[in-house]
Protein chains: 2
Amino acid sequence: MSELTIGQVARETGLRTSALRYYEEIGLLPAARRVNGRRRYEPVVLRMLEVMQFAQRAGFTLNEIRTLFHGFGTETPMNERWQALAEAKLRELDELIERAHCMRRAIEVGLGCGCVRLEDCVIGVPCDSED
Amino acid sequence: MSELTIGQVARETGLRTSALRYYEEIGLLPAARRVNGRRRYEPVVLRMLEVMQFAQRAGFTLNEIRTLFHGFGTETPMNERWQALAEAKLRELDELIERAHCMRRAIEVGLGCGCVRLEDCVIGVPCDSED
DNA sequence: CCTTGACTTCAAGTCAACTTGAAGTTGTAG
DNA sequence: CTACAACTTCAAGTTGACTTGAAGTCAAGG
């Protein structure tokens with residue numbers, strides 16, 4: 001039982017079958033081999049989907065993930081488009097992390113202070129400039 | 001000139017007028033006073049919008065932001081719903097920050113290694129368990 | 001043979017957060 | 001007075017990431 005049905009992949013990954021079909025439709029997953037019209041997946045897609053879900057939770061769009069996967073390891077071990085995207089995303093992630101920290105601090109201040117208006121709390125936290 | 005037109009608010013905040021009308025429609029902004037049918041805003045909305053944009057960039061949905069603003073400072077200085085939402089969001093933010101850090105590390109590894117397949121890179125980075 | 005469950009395709013629906021377009025109103029500048 | 005920009009409402013369109021529904025196919029069990 002080396003090949004998996006769409007249902008098995010769905011169960012293993014926690015995705016819905018509709019999502020898997022959708023991924024194939026938009027070219028995120030390579031078109032699966034068909035047996036009597038039904039999809040058969042090689043186990044490696046489980047890992048791909050794992051990474052994809054991970055990337056998605058980290059804020060990548062499906063479009064970016066597709067580029068990430070297509071650009072990675074084709075021809076040269078590390079091509080330029082992948083590198084550019086990765087570096088851009090790195091900067092985005094840094095911004096995201098900073099904003100998240102900032103909002104976190106703001107909420108904590110809000111939880112701990114007696115402000116009547118949220119604006120007063122948040123504005124009082126120094127963040128937009130630097131840490 | 002203490003009250004602002006929708007155009008002025010838009011210019012000051014960087015939002016489109018359509019967005020401001022939309023915010024009013026969904027109850028995120030209180031319905032502005034009308035003069036001959038046109039909206040007039042008190043300057044305080046600039047701060048509100050500032051905070052709202054900030055919260056949005058930090059990952060809050062408009063729905064959450066509305067709750068955050070409505071629940072804050074009404075009746076008791078710090079009511080329970082606000083507190084619950086804030087604490088839940090705090091946990092979400094922590095998760096987000098961790099995932100972002102993790103993806104960041106994964107990308108860096110990807111940039112620095114010679115892997116042919118992205119999966120190999122990302123999977124090699126210890127993250128899903130703990131840091 | 002018939003049912004059942006897992007699958008297929010294709011079209012349309014959903015949600016958030018807006019934007020766009022049409023058609024009309026208001027206030028000011030020339 | 002006329003033009004024009006800035007506003008109004010209301011309906012419909014957009015994007016991303018899917019989901020839902022209809023109608024049909026296929027293999028296995030009773």
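To find a chain, count down the sequence lines: A is the first, B the second, and so on, and within it residues start at 1.
- Listed by chain and number, the residues in a side chain to side chain contact (heavy atoms under 4.5 Å, CB included) with A/Y22 are A/I26, A/L62 (sequence neighbours excluded).
- Put simply, B/Y23 has no side-chain N or O that comes within less than 4.0 Å of OP1 or OP2 on C/dA17.
- Note that CD of A/E87 and CZ of A/R91 are 6.5 Å apart. Values are rounded to the nearest 0.5 Å.
- We find that CG of A/L15 is positioned 11 Å from C1' of D/dC18, with the value rounded to whole Å.
- In this structure a side-chain-to-backbone donor-acceptor pair under 3.5 Å is present from B/Q8 to B/T5.
- Atom C1' of nucleotide C/dC7 and atom CG of A/L4 are separated by 15 Å, given to the nearest angstrom.
- Between B/T13 and B/Q53 the shortest heavy-atom distance is O-OE1, 3.3 Å.
- Using a 4.0 Å cut-off, no side-chain N or O of A/T5 falls inside it from OP1 or OP2 of C/dA6.
- In this structure, OG on B/S2 lies 15.0 Å from OH on B/Y41, to the nearest 0.5 angstrom.
- Residue contacts shown for B/R21 include a base, since a base heavy atom lies under 4.0 Å away.
- Distance CG (A/L49) to C1' (D/dA17): 15 Å, rounded to an integer number of Å.
- One atom, CG of B/L62, and another, C1' of C/dC15, lie 12 Å apart when rounded to the nearest Å.
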What nitrogen or oxygen pairs link the protein and nucleotides 23-25 of chain C at under 3.5 Å?
{"residue": "C/dT25", "atom": "O2", "partner": "B/R38", "partner atom": "NH2", "Å": "2.9"}

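- Side-chain nitrogen and oxygen atoms of B/R39 include at least one within less than 4.0 Å of the OP1 or OP2 phosphate oxygen of D/dT9.
- Rounded to an integer number of Å, the gap from CZ of A/R66 to C1' of D/dG16 is 11 Å.
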Return the polar atom pairs (N/O with N/O) between nucleotides 19-23 of chain D and the protein under 3.5 Å, or none.
{"residue": "D/dT19", "atom": "OP2", "partner": "A/S18", "partner atom": "OG", "Å": "2.5"}
{"residue": "D/dT19", "atom": "OP2", "partner": "A/A19", "partner atom": "N", "Å": "3.3"}
{"residue": "D/dT20", "atom": "OP2", "partner": "A/R16", "partner atom": "NH1", "Å": "3.3"}
{"residue": "D/dT20", "atom": "OP2", "partner": "A/R16", "partner atom": "NH2", "Å": "3.4"}

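- Judged purely by atom type and a 3.5 angstrom limit, A/E98 has no side-chain atom pairing as donor or acceptor with the backbone of A/E95.
- When all heavy atoms of A/G7 and A/T17 are compared, the closest pair comes out as CA-CG2, 4.2 Å.
- Take A/R33 and apply the side chain to side chain contact (heavy atoms under 4.5 Å, CB included) test, not counting sequence neighbours, and it matches A/E3, A/V35.
- Rounded to whole Å, atom P of D/dC18 lies 12 Å from atom CG of A/N63.
- Considering only residues two or more places apart in sequence or on other chains, B/E24 meets the side chain to side chain donor-acceptor pair (under 3.5 Å) condition with B/R34, B/R39.
- Listed by residue number, the members of residues 24-31 of chain B with any heavy atom below 4.0 angstrom from DNA chain D form an empty set.
- Between the CD1 atom of A/I6 and the C1' atom of C/dT8 there is a distance of 9 Å, given to the nearest Å.
- The distance from atom CD of A/E42 to atom CZ of A/R47, rounded to the nearest 0.5 Å, is 14.5 Å.
- For the atom pair B/E92 CD and B/L90 CG, the distance stands at 10.0 Å (nearest 0.5 Å).
- Contacts of B/Q56 with the nucleic acid, taken as non-hydrogen atoms under 4.0 Å apart, involve only primed sugar atoms and P, OP1 or OP2.
- Taking atom CZ on A/R34 and atom C1' on D/dT25, their separation rounds to 14 Å, with Å as the unit.
- Counting all heavy atoms, side chain and backbone alike, B/V9 lies closest to B/L20 at CG1-CD1, 3.7 Å.
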